[in-house]
Amino acid sequence: MASLSRYKITVVLSLIFALVITVFVDALLVASFLLQHEPGIVSFSIFSIISIAVYIFSFLFLIRKYTRRKKILSRPFPAEWESMLKDNIVYYNILNNEEQEQFRRRVQVFLGEKIITGIHTDVDLLTRILIAASAVIPVFRFPEWEYDRLGEILVYPSNFNDEYQFSGRHTDILGMVVTNSSTMIISKPALHEGFRNSTSGSNVGIHEFIHKIDEEDGSIDGIPALLADPKTVSRWKEIIDAESSRIENGTSDINPYALSNDAEFFAVVSEYFFEKPEEMSQRHPELYKILTKIFRQNTRSLLKSAVRTMVKPGGKKILRNAPCPCGSGKKYKKCCQEKRKHAS
C-alpha cells in the first residue's frame, strides 16, 4: 500500500485539480446565465449548488483509487490466504510480525486492484497469492512503490514459444514482459515451481516483476529506476561487465541466461538475490552489496506517480481494439479477451 506521504500528495493535487475543473465549469455557467439575461436569485442558487456538486464529484473522482483501496483494506485478511503465505512463501516467514502485516496488506491491495486472467487455464487462489507475492517481494522496502505500468497478468497453462503456442517446438519461455505493454504473461507451472523450490535461485514470478520495475524509468534496459545516482549506475555497469565475464569463463554459478542482455542480467541476479541471499553474499559479495542498495533505496518521483494514480488508478489497461499483448496479431477483443470470457 502507498504510504501516507503519497496519499497526502494525491489529496492536495486532487483538491487543486478539482478547483480548476470547478472554475472552468463555473465560467461556462456564468456565460450561459449572462446570455439568458436572467441571472436572478434562482439562477444564482442553482449556480452555487452546481459548483459545489462539481467540486465534490471531481475531488472524489480523482481520489477514487484510495477510496477503493480503503474499502479493500477494511476487509479482514482471509485465514486461507494467510495459510498459503506461510506454507509457500519463505520470504514471508522470515519477516517479523509487523512486517508480515505490511506484506499481507500489500498482497490484499494488489489482488484487489490488478486483473489476473487465465488463458486456457483456471486461476486458483494459490496462483493469485503467488503472483501477488512475486510483485510484493522485490519492492517490499519501498512503501511508495506502485506498478503503474501494469494492469493485467495473463496466466498461461504451460511454458510457451515465441509464437505464444503451448505445444510444439521450443516451448521454453516461462514468462514475458513487453516494453510499453500493460500486461505480463506468466506460465502457471513455472510460477508454482519457482516457489516450490525456494532454494534453486530461480523464480519466474520475481523475474518478470523485476522487468516491470526496470521499466519504470521508461525502458527495460537493465538500469532499474531504483538506482539512485550516476555513481551507482556506473558501478552497476562495471559489475555487470565483471560478472558477465565470469559467466562466460565458466567461473560463475549465475544462470548463463543472464548473458542475453543487461535487462535479463538484472532479472536473473535479482532472482538469485531473493532466493539465495546467503549464498550470493559469499560467492558474489560486490554484486550482493549493490543489489542490497538497489532494493532498499527509493528514488521514485512521488509527484509524477501521484498524477498517474489520479488519471489511471488501476494502472494501464488494454483497450478492446488494441493489438493483443500475446502477439497473435489479432485485436485484444478477438483474442485474449475472448478467451478470458470462455475461461470465466
Side-chain angles (χ1 to χ4, degrees), residues 1-3 65-143 145-147 150-159 174-175 183-200 202-210 212-213 271 274-275 313-315 317 336 339-344:
M1 180 182 178
S3 70
K65 173 174 184 171
Y66 291 101
T67 302
R68 290 203 303 260
R69 189 169 288 191
K70 183 177 180 180
K71 184 177 180 180
I72 290 170
L73 289 173
S74 67
R75 305 166 190 150
F77 194 83
E80 186 179 8
W81 294 20
E82 167 77 0
S83 177
M84 287 185 175
L85 287 176
K86 288 182 177 179
D87 292 344
N88 298 278
I89 313 298
V90 173
Y91 182 94
Y92 176 78
N93 288 305
I94 65 175
L95 301 175
N96 61 38
N97 291 337
E98 183 180 348
E99 290 170 334
Q100 287 186 347
E101 171 63 19
Q102 294 172 13
F103 196 97
R104 290 193 296 269
R105 289 167 67 85
R106 294 179 72 168
V107 164
Q108 200 168 1
V109 167
F110 185 90
L111 292 180
E113 294 182 344
K114 301 302 181 183
I115 300 170
I116 302 176
T117 302
I119 306 300
H120 293 303
T121 187
D122 66 304
V123 180
D124 57 279
L125 179 57
L126 179 57
T127 297
R128 290 171 56 80
I129 292 292
L130 296 183
I131 289 173
S134 300
V136 172
I137 289 171
V139 293
F140 183 65
R141 301 299 177 186
F142 306 95
W145 187 271
E146 300 279 351
Y147 285 102
L150 177 65
E152 184 169 7
I153 299 95
L154 303 181
V155 180
Y156 278 16
S158 63
N159 300 350
L174 311 183
T183 304
M184 173 187 297
I185 303 172
I186 194 164
S187 162
K188 181 177 175 180
L191 172 71
H192 284 251
E193 179 60 25
F195 284 98
R196 189 179 300 115
N197 189 357
S198 60
T199 59
S200 66
S202 298
N203 185 304
V204 67
I206 292 176
H207 183 107
E208 298 308 323
F209 277 99
I210 291 296
K212 293 307 292 185
I213 293 168
E271 290 179 81
F274 287 108
E275 288 276 293
K317 298 293 189 297
C336 282
K339 295 175 185 176
R340 177 186 173 192
K341 290 179 182 177
H342 295 320
S344 60

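No experiment lies behind these values; they were computed from the predicted model shown.
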Review point. Taking only residues two or more places apart in sequence, or in another chain, which ones meet P189 in a side chain to side chain contact (heavy atoms under 4.5 Å, CB included)?
Key: S187
**Study point:** Beyond-backbone contact of L174 with I186, side-chain heavy atoms, under 4.5 angstrom
**Key:** no
Practice item. Compare all side-chain heavy atoms of L111 with those of W81 and state whether any distance is below 4.5 angstrom. Key: yes
**Study point:** Shortest non-hydrogen contact between A132 and V107, atoms and distance
**Key:** CB-CG1, 3.9 Å
Review point. Where is the tightest heavy-atom contact between T121 and V155, given as atom of each residue plus distance?
Key: CG2-O, 3.4 Å
Study note, to complete from the structure: F140 meets the ring-ring contact (aromatic ring centres under 6.0 Å, His included) criterion, sequence neighbours left out, with F103
Check your understanding: Counting distance only, does the side-chain N/O of E271 pair as donor-acceptor with the main-chain N or O of N203 below 3.5 Å?
Key -> yes
Exercise for review: Measure the shortest side-chain to side-chain distance between W145 and I213 over non-hydrogen atoms and say whether it is less than 4.5 angstrom.
Suggested key: yes
Review point. Between atom CZ of R105 and atom CD of Q102, what is the distance when rounded to the nearest 0.5 Å?
Key: 8.5 Å
Practice item. Kindly say whether R69 contributes a backbone atom to a donor-acceptor pair with the side chain of E113 at under 3.5 angstrom? Key: no
Practice item. For the pair K188 and E193, evaluate salt bridge (charged side-chain N to carboxylate O under 4.0 Å, His left out) and give the outcome as yes or no after the intermediate values. Key: CA-CA 9 Å; K188 181 177 175 180; E193 179 60 25; over 6 Å; no
Practice item. Kindly indicate whether the side chain of T117, heavy atoms from C-beta on, has any atom under 4.5 Å from the side chain of I153. Key: no
Review point. So, D122 side chain and G118 main chain: donor-acceptor pair closer than 3.5 Å or not?
Key: no
Check your understanding: Is it true that E99 and R141 have a side-chain N and a carboxylate O under 4.0 angstrom from each other?
Key -> yes
Review point. Can you find a heavy atom in the side chain of R106 that is under 4.5 Å from one in the side chain of V139?
Key: yes
Review point. What is the minimum heavy-atom distance between Q100 and N93, and which atoms define it?
Key: NE2-CA, 3.9 Å
Check your understanding: Is any side-chain heavy atom of I89 less than 4.5 Å from a side-chain heavy atom of F195?
Key -> yes
Review point. Rounded to the nearest 0.5 Å, how far does CG of L154 lie from CD1 of I119?
Key: 5.0 Å
Review point. Does any N or O in the side chain of Y147 come within less than 3.5 Å of the main-chain N or O of A135, such that one atom is a donor and the other an acceptor?
Key: yes
Check your understanding: Quick check: does any side chain N or O of S83 sit under 3.5 Å from a backbone N or O of E80, one acting as donor and the other as acceptor?
Key -> no
Review point. Within a strict 4.5 Å, meaning less than it, do heavy atoms of the L85 and F77 side chains meet?
Key: yes
Check your understanding: Measuring from F110:CZ to I116:CD1, what's the distance to the nearest 0.5 Å?
Key -> 5.5 Å
Point to revise | Partner set under side chain to side chain contact (heavy atoms under 4.5 Å, CB included) for L126, not counting sequence neighbours | key: M84, N88, D124, L130, H192
Check your understanding: Charged N to carboxylate O below 4.0 Å: is that the case for E146 and K114?
Key -> no
Check your understanding: Tell me, do I131 and F209 make a side-chain contact under 4.5 Å, heavy atoms counted?
Key -> yes
Review point. If we ignore angles and hydrogens, is there a donor and acceptor under 3.5 Å between the side chains of E82 and Y92?
Key: yes
Review point. Judged by modelled atom types alone, do S134 and E208 share a side-chain donor-acceptor pair under 3.5 Å?
Key: no
